[in-house]
Number of protein chains: 2
Amino acid sequence: MKITEIRNKLIEKELKVTPQRIAILEAIIKLHNHPTAENIIDYIRNNHPNIATATVYKVLDALASNELIKKVKTERDVMRYDAVIENHHHLYCSESDRIEDYTDNELNELLEKYFETKGIPDFKIEDIKLQIIGKFTKTKK
Amino acid sequence: MKITEIRNKLIEKELKVTPQRIAILEAIIKLHNHPTAENIIDYIRNNHPNIATATVYKVLDALASNELIKKVKTERDVMRYDAVIENHHHLYCSESDRIEDYTDNELNELLEKYFETKGIPDFKIEDIKLQIIGKFTKTKK
DNA sequence: TTTTCAAAAGAGAATAATTCTCATATAATA
DNA sequence: TATTATATGAGAATTATTCTCTTTTGAAAA
């Protein structure tokens, strides 16, 4: 992902383009395994030693509320961030902190069809996310 | 749920029966909408003004690791607790903190069948939980 | 019933992730 | 380039949760 692309994403959302925002968004894209705020801070401090912690959190909030990234919550403790915005699910390792994205349009259609006919009483569905818990049988590439 | 039942649950898990544990488990069952630790503390302090905060957290951990309650993580911030242990999904309100349980065995079977034939490469599924995000069309009874 | 002792609880300090405050700096627009 | 709303920096503040250490207690055994 080129910096120009990141810049355009920000412009599309009418967010001011700042070096901090570019650095943070770039970091989340590069650090694919759903980094924590701390991972991001560590990463960007290499090239941008002066970005304040509070700025990182503020930028993460801004990016998330403009749907440029997603917040991902784990059973464990801290918030994690995901650059992938297209609809997808998550694979959680039951033994470690590893999280992977899982995209499956066939499944999405199946669920959509299922709830279309069945529905949930007194509830209007907007989005469905699966948390698939289990074990990875290969280590990360 | 009678106190004797709660007591038996603890005994089954070989946990010592203490007034604190009974009070906390009872509180989670009564406060059904997935209380936070704070909700629980507020609730039990009425009848048991001397239960320490640390004790509540310790008891919650003990109950959760013995599968008498579940920890529920929200997109927002704090940990919440659920007395329902049978397999179920969650309905999240996109506008408030409300969370409800959603049990649907037909859906569970559908998912099981789907993944049985399809599978996920390099991943052994242990459990699947749906986070269904949307809006409640009725206020809570 | 009393004794025993591992396990649990109490108290409050400690920790750590996140947020707040507010002065300063900077992007975007005219 | 001047203007202005918006973003950033710095560090203090907040808050949920955990830790430490002492005291208490549940329940098994005598």
Side-chain angles (χ1 to χ4, degrees), chain A residues 3-4 6-25 27 34-45 47-66 68-69 71-81 97, chain B residues 3-4 6-28 34-45 47-66 68-69 71-81 97:
Chain A
I3 291 197
T4 333
I6 292 177
R7 187 182 285 280
N8 287 336
K9 282 172 183 284
L10 291 170
I11 292 169
E12 271 168 39
K13 299 291 181 176
E14 301 184 326
L15 290 171
K16 280 192 187 173
V17 177
T18 69
Q20 292 85 347
R21 285 174 173 174
I22 292 172
I24 291 166
L25 193 40
H34 305 81
T36 62
E38 203 191 355
N39 298 149
I40 296 163
I41 291 168
D42 287 351
Y43 183 88
I44 61 174
R45 287 266 164 84
N47 295 319
H48 304 80
N50 298 320
I51 297 182
T53 304
T55 300
V56 175
Y57 282 100
K58 278 183 278 198
V59 169
L60 290 172
D61 277 356
L63 297 177
S65 52
N66 285 281
L68 289 173
I69 61 172
K71 291 189 172 192
V72 181
K73 204 71 176 191
T74 66
E75 285 306 298
R76 295 172 223 269
D77 220 1
V78 295
M79 192 68 77
R80 292 169 67 168
Y81 299 88
D97 282 339
Chain B
I3 292 197
T4 333
I6 292 176
R7 188 182 285 280
N8 286 337
K9 281 171 183 285
L10 291 170
I11 293 169
E12 272 169 38
K13 299 292 182 176
E14 300 185 326
L15 290 171
K16 279 193 188 172
V17 177
T18 69
Q20 292 85 347
R21 284 175 174 174
I22 292 172
I24 291 166
L25 195 39
E26 206 185 356
I28 300 168
H34 305 79
T36 62
E38 204 190 355
N39 298 148
I40 295 163
I41 291 168
D42 287 350
Y43 182 88
I44 60 175
R45 287 265 163 85
N47 294 319
H48 303 81
N50 298 320
I51 296 182
T53 305
T55 299
V56 175
Y57 282 100
K58 276 183 277 195
V59 169
L60 290 172
D61 277 357
L63 297 178
S65 52
N66 284 280
L68 289 173
I69 62 172
K71 292 189 171 192
V72 181
K73 204 70 176 192
T74 67
E75 285 306 299
R76 296 172 224 270
D77 219 1
V78 296
M79 192 69 76
R80 292 170 67 169
Y81 300 88
D97 282 340

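In what follows, chains are A, B, ... by sequence order, proteins preceding strands, each numbered from 1. Please read these numbers as outputs of a predicted model, since none were measured by experiment.
Side-chain atoms of A/N39 come within 3.5 Å of backbone N or O of A/T36 as a donor-acceptor pair. Side chain of A/R21 to backbone of A/K16: a donor-acceptor contact under 3.5 angstrom is found.
Remark: A/K16, A/V17 in residues 16-24 of chain A come within less than 4.0 Å of DNA chain C through at least one heavy atom.
Taking atom CD1 of residue A/I51 and atom C1' of nucleotide C/dT24, one finds them 17 Å apart after rounding to whole Å. As a whole-Å value, the separation of A/K58 NZ from C/dA17 C1' is 16 Å. Taking atom CD1 of A/I11 as the reference point, atom P of C/dA27 lies 13 Å away to the nearest angstrom. D/dT14 atom C1' lies 13 Å from atom CD of B/E38, rounded to whole Å. Note: CZ (A/R7) to C1' (C/dA28) measures 12 Å, nearest angstrom. Across the protein-nucleic acid pair, A/N8 atom CG and C/dA28 atom P stand 12 Å apart, rounded to whole Å. Rounding to whole angstrom units, CG of residue B/L63 and C1' of C/dA7 are separated by 15 Å. The interatomic distance linking A/H48 (NE2) with D/dG9 (C1') rounds to 15 Å, in whole Å.
Among the protein residues, B/A62 comes within range of no part of the nucleic acid, since none of its heavy atoms lies under 4.0 Å from any strand.
Between D/dT17 and B/Y57, a contact under 4.0 Å exists linking OP1 or OP2 to a side-chain N or O.
Residue B/A52 has its side chain nearest to C/dG10 when only D/dG9, C/dG10, D/dT17 are considered.
Under the 4.5 Å side-chain criterion, counting only non-hydrogen atoms from C-beta, A/I24 is not in contact with A/I69. Looking only at side-chain heavy atoms (C-beta outward), A/T53 and A/R45 come within less than 4.5 Å of each other.
Note that CD1 of B/I40 and CD1 of B/I51 are 11.0 Å apart. Values are rounded to the nearest 0.5 Å.
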